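Below: the structure, in structure tokens.
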Amino acid sequence: MATLEEEFTLSTGVLGAGPEGFLGVEQTDKADQFLVTDSGRTVVLYKVSDQKPLGSWSVKQGQSITCPAVCNFQTGEYIMVHDHKVLRIWNNDDVNVDKVFKATHGHYYAYVRLCKSHSLSKYTLLLEKEEKSVKPNFTARVDGKFISLVSLSSDGCIYETLIPIYSSDTEQNQRLVRALMLKSVVSGGVRNGVALTILDQDHIAVLGPPLSASKECLSIWNIKFQTLQTSKELPQGTSGQLWYHGEVLFMLHGKSLTVIPYKCEESSLAGALGKLKHTQESGTHSVPHFVNWETCSGYELGSSGAEQSRTLRRKKVETNLQPEVPGFKQLLSIIKKDSEKHIEVELRKFLAKSTPAFHTIIGDLVAGLVGRCKAEPSFYPRNCLTQLIQTHVLSYSLCPDLMEIALEHTDVQMLQLCLQQFPDIPESTTCACLKLFLSVGDDCLRDSNINMESVFDYSDSTQDEKKEMEEQIEIVQNGFGPEDGNCSEDSQQLNDKPADTAHEPGSFPVTSCPVAPKRAALLNAVLHSAYSEPFLLPHLKDIPAKHVTLFLQYLYFLYLKCTGSATMTLPGVNPPTVSQIMDWICLLLDANFTVLLMIPEAKRLLLILYNFVKSQISIYSELNKIAVSFRELQRLNREKSSRGLYSIEVLELF
């Protein structure tokens, strides 16, 4: 997971950013100090932590700096070139750049001829038919024996080209093929304010307007998992320049040099998708099939056609390299114009005959159906979309508009299926599904064909089970009652209330499920979904208070069932885990605690959760004492010097 921290602006009183922005931002021999070179005559040394300049140097009137100033890390000296021919070297003690060491073209023609080139190789980059040129937005890095050239194309996609450092054929003009790295990261056709830079082997920063917005944004993408990690809107626009050093990004925002610290965690599936879904029992669901790009091969480099291992690329294969699937184009044509019934029949035939293994083909079919849904509001082929989702090869990234269409049609059945199948649903969409599930009418749920495998029979509660749950409320949890001194005065009043108050309007029902079974199945799909807490919390604040209260009531009821019923472990029953339930309780309370305090109906529920948490703390505290006692016993046993004797030791645990 990647995050962008709060931005700040460096003092730019000594800088004069021209229409083309700055020449560059370079790091010095100190991690917190940077050299900023403007497009005119000035070089400024900044200390980022203090957000102020430490020194400033300018060339004379009529002269201009023609490349970014850099630092010699061995000597701590600064180096720059002005007027394309004069080199200057100075340090912090120098005040006037005109009086420091000067070298002209003749002096350093000898820092260059010693670096004799052993070979010269020429390459030609092959473009798409509809693309005439590549936009000058690119970055490069050395990756093993290759130079990885990453470029932003005019179609808004990012491509990668591998160039060998040592080439066996230096005479002929060799041809290079591009591979798609990220698809549609910025709006196509945008020519200004666009830039990119590689942060590490798994993350890339992109500057430019995304597809769904006209304003420019700074975004960080995960290359390995093809997911957008974080973004920040830039309303004042940029010059299309982006630099990074360490964990700091620099850009020209408006007319000021803006600094944005960032953090990129080590790339993993759990980090990219948030918390992992609950592990299913073997045989319950088939695992979604995702192409293992680590083991794919087939990249051709140069006219000789020598294949390089796909492992070196670690990126997606180009879509147009996929083999032709029979009937695919004909089916796309049918989707655009034929009736829903005809499309369903032809789709069933296509899936039965070809069984394509490439998930992008299924994604294109879904995109065709969703595109027609947007153009024709009356067109909504639920059965066709369900067939495609059940192929288990789709993800949210391949069809981001599918769940949006399902939300517009209040299709809870489709949304439940997407939540169960897609591992990369954004937190905003997950929260939108939760709000719909809590607010949708019972009539809509009654007519929906909802998967009920995550819900056991709530109506099959015996009197003993009801009595057990009532006793859990009376003595709080885990055997710690009011006599232990762990309950507040409010909680004591709660326990003194008559038993029938549990069924009063607005109070928390203890012995019965607060929602119908079908709504419970939908809520369980949300509990099973993957998420990342920092991204989910802001969206939970938008849920109405009465729905938050209802969801908390259901979560607490579900917790009691999980800890007190053997039905949860029966074959075919896949309820949320205790860990998932507790995580969601904490998330809802963190996001809405202030609002819940102001609702009289939620007071009883908050007191119950308060006592529950206190009892858990007490239990863990006592368990910790036992653990310490056992460790002390082990230490004493190791210190015994005589093995022929024994002793009886009494440890006081409480």
Side-chain angles (χ1 to χ4, degrees), residues 128-131 153-157 180 182-190 209-215 217 226 228 319-320 322 324-351 354 356 358-391 393-419 421-422 424-426 428-430 432-433 435-436 440 444 447-449:
E128 300 294 334
K129 294 180 180 179
E130 64 275 6
E131 193 173 11
S153 182
S154 57
D155 59 359
C157 301
L180 183 64
L182 285 172
K183 185 177 181 181
S184 302
V185 295
V186 297
S187 298
V190 178
L211 295 176
S212 58
S214 58
K215 293 184 179 179
C217 289
Q226 302 287 294
L228 175 63
T319 304
N320 56 10
Q322 298 175 358
E324 184 70 22
V325 178
F328 173 62
K329 293 184 178 179
Q330 292 84 342
L331 182 57
L332 283 178
S333 178
I334 292 174
I335 287 174
K336 293 180 181 179
K337 58 184 179 180
D338 284 16
S339 65
E340 181 178 332
K341 187 64 177 177
H342 186 209
I343 296 173
E344 184 178 347
V345 173
E346 294 300 323
L347 177 61
R348 190 179 295 110
K349 294 179 181 178
F350 175 79
L351 294 177
S354 58
F358 295 96
H359 62 285
T360 52
I361 294 178
I362 302 297
D364 290 340
L365 294 176
V366 174
L369 291 170
V370 172
R372 185 173 173 184
C373 289
K374 290 185 173 182
E376 304 176 22
S378 60
F379 179 78
Y380 184 63
R382 175 192 285 115
N383 293 337
C384 296
L385 293 172
T386 301
Q387 288 185 60
L388 293 172
I389 295 175
Q390 289 176 342
T391 58
V393 298
L394 282 175
S395 64
Y396 181 90
S397 302
L398 282 175
C399 49
D401 296 329
L402 174 59
M403 296 189 71
E404 178 184 347
I405 292 293
L407 286 167
E408 292 177 0
H409 287 78
T410 320
D411 191 345
V412 293
Q413 177 186 347
M414 182 73 67
L415 292 173
Q416 183 197 33
L417 190 60
C418 292
L419 287 169
Q421 298 291 338
F422 296 170
D424 58 343
I425 300 175
S428 58
T429 305
T430 301
C433 294
K435 288 171 22 178
L436 178 63
V440 68
C444 179
D447 300 333
S448 300
N449 184 18

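Since this is a predicted model, take the numbers as computed values, not measurements. FYI, the numbering just counts along the sequence from 1.
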Notebook entry, point to check: Do Leu436 and Cys433 have side-chain heavy atoms sitting under 4.5 Å apart?
Noted result: no
Check: Are any of the side-chain heavy atoms of Ile405 and Leu385 separated by less than 4.5 Å?
Finding: no
Where is the tightest heavy-atom contact between [X] and [Y], given as atom of each residue plus distance?
X	Y	answer
Lys183	Cys157	CA-SG, 3.9 Å
Leu402	Ile389	CD2-CD1, 3.7 Å
Phe379	Cys373	O-SG, 3.3 Å
Cys418	Ile425	O-CD1, 3.6 Å

To the nearest 0.5 Å, what is the distance between [atom1] ([X]) and [atom2] ([Y])?
X	Y	atom1	atom2	value
Asp364	Leu388	CG	CG	11.0 Å
Ser395	Ile362	OG	CD1	12.0 Å
Leu394	Asp424	CG	CG	10.0 Å
Leu415	Thr430	CG	OG1	10.5 Å

Checklist line | Pairs touching residues 375-388 that satisfy salt bridge (Lys or Arg N to Asp or Glu O under 4.0 Å), sequence neighbours left out | finding: Arg372-Glu376, Arg382-Asp411
Next item on the list: Determine which pairs satisfy salt bridge (Lys or Arg N to Asp or Glu O under 4.0 Å) with at least one residue from residues 397-408, sequence neighbours left out, and list them in order.
Entry: Lys374-Asp401
Next item on the list: Please list, chain by chain and in numerical order, all residues satisfying side-chain contact (heavy atoms from CB on, under 4.5 Å) with Pro426, sequence neighbours excluded.
Entry: Tyr396, Ser428, Thr429
Next item on the list: Taking side-chain contact (heavy atoms from CB on, under 4.5 Å) as the test, write out the residues that go with Leu331, two or more places apart.
Entry: Ile335, Glu346, Leu347, Phe350, Leu365
Item checked: Set of residues satisfying side chain to side chain donor-acceptor pair (under 3.5 Å) with respect to His409, sequence neighbours excluded -> none
Checklist line | side chain to side chain donor-acceptor pair (under 3.5 Å) involving Ser448 - partner list, sequence neighbours excluded | finding: none
Notebook entry, point to check: Do the side chain of Asn383 and the main chain of Glu344 share a donor and acceptor less than 3.5 angstrom apart?
Noted result: no
Next item on the list: Please report the C-alpha distance between Val412 and Gln416 in whole Å, then the side-chain angles of each, then the deciding distance to 0.1 Å, and finally whether the side chain to side chain contact (heavy atoms under 4.5 Å, CB included) criterion is met.
Entry: CA-CA 6 Å; Val412 293; Gln416 183 197 33; over 6 Å; no
Next item on the list: Would you mind listing every side-chain hydrogen bond (donor to acceptor under 3.5 Å, both in side chains) that reaches into residues 331-340, with sequence neighbours excluded?
Entry: Asp338-His342
Notebook entry, point to check: Can you list the residues that meet the salt bridge (Lys or Arg N to Asp or Glu O under 4.0 Å) rule with Lys341, with sequence neighbours excluded?
Noted result: none
